[in-house]
Amino acid sequence: MNTAEWILVVMLSIALLIFLIAGIVLAIKLIGLTEEARKVIQTGQSIAMKADDIVDNVKGVTSVGGIVKTFANRIIEKQERKYAAEDAAEAAAQEVVDTIIDEAVAAETAKDTVKNATKTTKKSTKSSL
């Protein structure tokens, strides 16, 4: 081979070597870049999911149905507390009434016992005379 051919072959070989090394470096950089892109995509998806949750919560609070539901729940809770207080008051009143009735019955029984004892005493006094 002549020298001109040798010089041309060496120059082409060096150019191919440079392109090969550049290609390998570029491939490695692209692999790293795709992994970074994957991380960014996953982070974006998690942010989107959180945003969807926030939108659902805001929608539930601001929509007419959500407002009505919240209002109805508050009304029901107030009514339950009111009725619980009324039931407690009624139970206490019933207990007081039961106590008064028991005391009245006891007083009536005592009165009847005193009457009977008085009658018995009067009869025994009359019979002894």
Side-chain angles (χ1 to χ4, degrees):
M1 266 206 316
N2 104 37
T3 18
E5 291 173 350
W6 276 101
I7 293 173
L8 193 57
V9 167
V10 169
M11 287 175 68
L12 286 174
S13 297
I14 292 173
L16 287 175
L17 181 64
I18 292 172
F19 282 124
L20 182 63
I21 292 172
I24 291 171
V25 169
L26 183 62
I28 291 171
K29 292 290 184 181
L30 285 175
I31 290 171
L33 184 64
T34 56
E35 289 184 16
E36 289 296 320
R38 184 176 296 130
K39 288 179 187 177
V40 169
I41 289 170
Q42 288 175 347
T43 305
Q45 286 176 343
S46 67
I47 290 171
M49 291 167 84
K50 289 178 184 176
D52 285 343
D53 292 340
I54 291 170
V55 167
D56 288 341
N57 290 339
V58 169
K59 182 178 75 172
V61 171
T62 58
S63 69
V64 174
I67 293 171
V68 170
K69 183 178 178 182
T70 305
F71 182 72
N73 286 339
R74 286 186 184 169
I75 296 281
I76 289 170
E77 288 173 5
K78 284 181 183 179
Q79 290 296 326
E80 287 174 352
R81 278 188 251 136
K82 177 184 172 186
Y83 290 136
E86 287 177 0
D87 289 345
E90 187 177 320
Q94 186 62 41
E95 189 175 315
V96 169
V97 168
D98 290 343
T99 305
I100 291 170
I101 289 173
D102 290 343
E103 288 176 0
V105 168
E108 191 65 35
T109 305
K111 184 178 174 183
D112 289 344
T113 305
V114 169
K115 243 187 204 179
N116 289 338
T118 306
K119 284 182 184 179
T120 308
T121 309
K122 283 183 182 178
K123 281 184 184 178
S124 61
T125 310
K126 282 185 184 179
S127 22
S128 16
L129 287 176

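Note that the numbering runs from 1 along the sequence shown for the chain.
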S.K.: Just how far is it from atom CD1 of I76 to atom CD of Q79, taken to the nearest 0.5 Å?
M.R.: 9.0 Å
S.K.: Around E86, counting heavy atoms of other residues, nucleotides and ligands shown, do more than 12 lie under 6.0 Å from its CD?
M.R.: yes
S.K.: Would you be so kind as to tabulate the donor-acceptor pairs closer than 3.5 Å made by side chains of residues 29-48, with sequence neighbours excluded?
M.R.:
unit_1: T34; atom_1: OG1; unit_2: L30; atom_2: O; d: 3.3
unit_1: T34; atom_1: OG1; unit_2: I31; atom_2: O; d: 2.6
unit_1: T43; atom_1: OG1; unit_2: K39; atom_2: O; d: 2.9
unit_1: S46; atom_1: OG; unit_2: T43; atom_2: O; d: 2.8

S.K.: Of the options V10, L17, V9, L16, which is the one that meets S13 in a side chain to side chain contact (heavy atoms under 4.5 Å, CB included)?
M.R.: V9
S.K.: Drop me the distance from L12's CG to F19's CZ, to the nearest 0.5 angstrom.
M.R.: 10.5 Å
S.K.: What's the spacing between W6 CH2 and T3 OG1 if we round to 0.5 Å?
M.R.: 11.0 Å
S.K.: Scan for side-chain hydrogen bond (donor to acceptor under 3.5 Å, both in side chains) pairs involving residues 98-108, sequence neighbours excluded, and state none if there are none.
M.R.: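 For residues 98-108, and leaving out neighbouring residues, the side-chain hydrogen bond (donor to acceptor under 3.5 Å, both in side chains) pairs sorted by first residue read Q94-D98.
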